[in-house]
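Worksheet for the structure shown next.
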Amino acid sequence: MSRRSGQLAEQTACDYLQQQGLVLLTQNYHCRRGEIDLVMKDADVLVFVEVRARLNDRYGSALESITPIKQSRIIATAQHYLQQKQEQAICRFDVVTLRIHSEKNGQSHQVCEWIRDAFQLS
């Protein structure tokens, strides 16, 4: 998937979550430890969101691609975010998967799935 496709997937996920009532705090938070696609607020909960898009499941599903190593990087990056913002909040790690379906007429549509509390600190 190209960088442009990844950005579109993140924007689609962000729009979807905002429609569900979440508030965007920051997008593409980077530190030495890794990156978090979206940092959002769901009422009083700080939500770190990983966005995954797939055209097909040939190499595994979008959710399966978030390995324990990837989870630990996301958690470490979230801890860095909290330290930098000097924030103490209830946190949750969500995943939004997008499956891109191409039609024969050249059109495509995305199926979005929001997995709340997809993984926790271990």
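We number each residue from 1, following the sequence as shown.
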Nearest-0.5 Å distance, SG of residue C14 to OH of residue Y16: 13.0 Å
Show the nearest heavy-atom pair for residues I66 and E50, with the distance to one decimal. CD1-CG, 3.8 Å
Could you state the interatomic distance from CD1 (I115) to CG (D94), rounded to the nearest 0.5 Å? 9.0 Å
Go through the steps to decide whether W114 and T97 satisfy the test side chain to side chain contact (heavy atoms under 4.5 Å, CB included), and finish with yes or no. CA-CA 7 Å; W114 177 21; T97 63; over 6 Å; no
Mind checking the CG-CD spacing from L38 to Q11? Nearest 0.5 Å is all I need. 8.5 Å
Is the backbone N or O of L22 less than 3.5 Å from a side-chain atom of D42, with the two atoms forming a donor-acceptor pair by type? no
Quick one: do L24 and L17 end up in the same hydrophobic cluster if we chain Ile, Leu, Val, Met, Phe, Trp and Tyr together by side-chain heavy atoms under 4.5 Å apart? yes
As an exercise, state the distance from CD of Q71 to CD of Q120, rounded to the nearest 0.5 Å. 9.0 Å
Here the pair of heavy atoms bringing A13 nearest to V96 is CB-CG1, 3.6 Å
Using every non-hydrogen atom in the two residues, find where E35 and D37 come nearest and quote the distance to one decimal. OE2-OD1, 3.7 Å
Are V49 and I90 linked, directly or through other ILVMFWY residues, by side chains that come within less than 4.5 angstrom of each other? yes
Under the ring pair (Phe, Tyr, Trp, His ring centres under 6.0 Å) test, residues paired with Y81 that sit two or more places apart: Y29, F48
Looking only at non-hydrogen atoms, find the nearest pair between C91 and L82 and report the distance. SG-CD1, 3.9 Å
Answer yes or no: are there more than 12 heavy-atom neighbours, outside K85 itself, under 6.0 Å from its atom NZ? no
Do other residues, nucleotides or ligands put more than 12 heavy atoms under 6.0 Å from the CZ atom of R73? no
Can K70 and R52 be said to form a side chain to side chain contact (heavy atoms under 4.5 Å, CB included), step by step? CA-CA 12 Å; K70 179 64 176 172; R52 292 295 172 132; 3.1 Å; yes
Below 4.5 Å, heavy atoms only, C-beta onward: do F93 and I74 meet side chain to side chain? yes
Rounded distance (nearest 0.5 Å) linking atom CD of E10 with atom CG of L98: 10.0 Å
Closest heavy-atom pair, H80 versus C31, reported as atoms and distance to 0.1 Å, is ND1-CB, 3.4 Å
Q19 versus D15, side-chain donor and acceptor atoms under 3.5 Å: no
Which atom of L46 lies closest to which atom of A89, heavy atoms considered: CB-CB, 4.1 Å
Would the number of heavy atoms belonging to other residues, nucleotides or ligands and lying under 6.0 Å from CD of Q88 be above 12? no
Reported CD-to-CZ distance for the pair E113 and R99, which is rounded to 0.5 angstrom: 11.0 Å
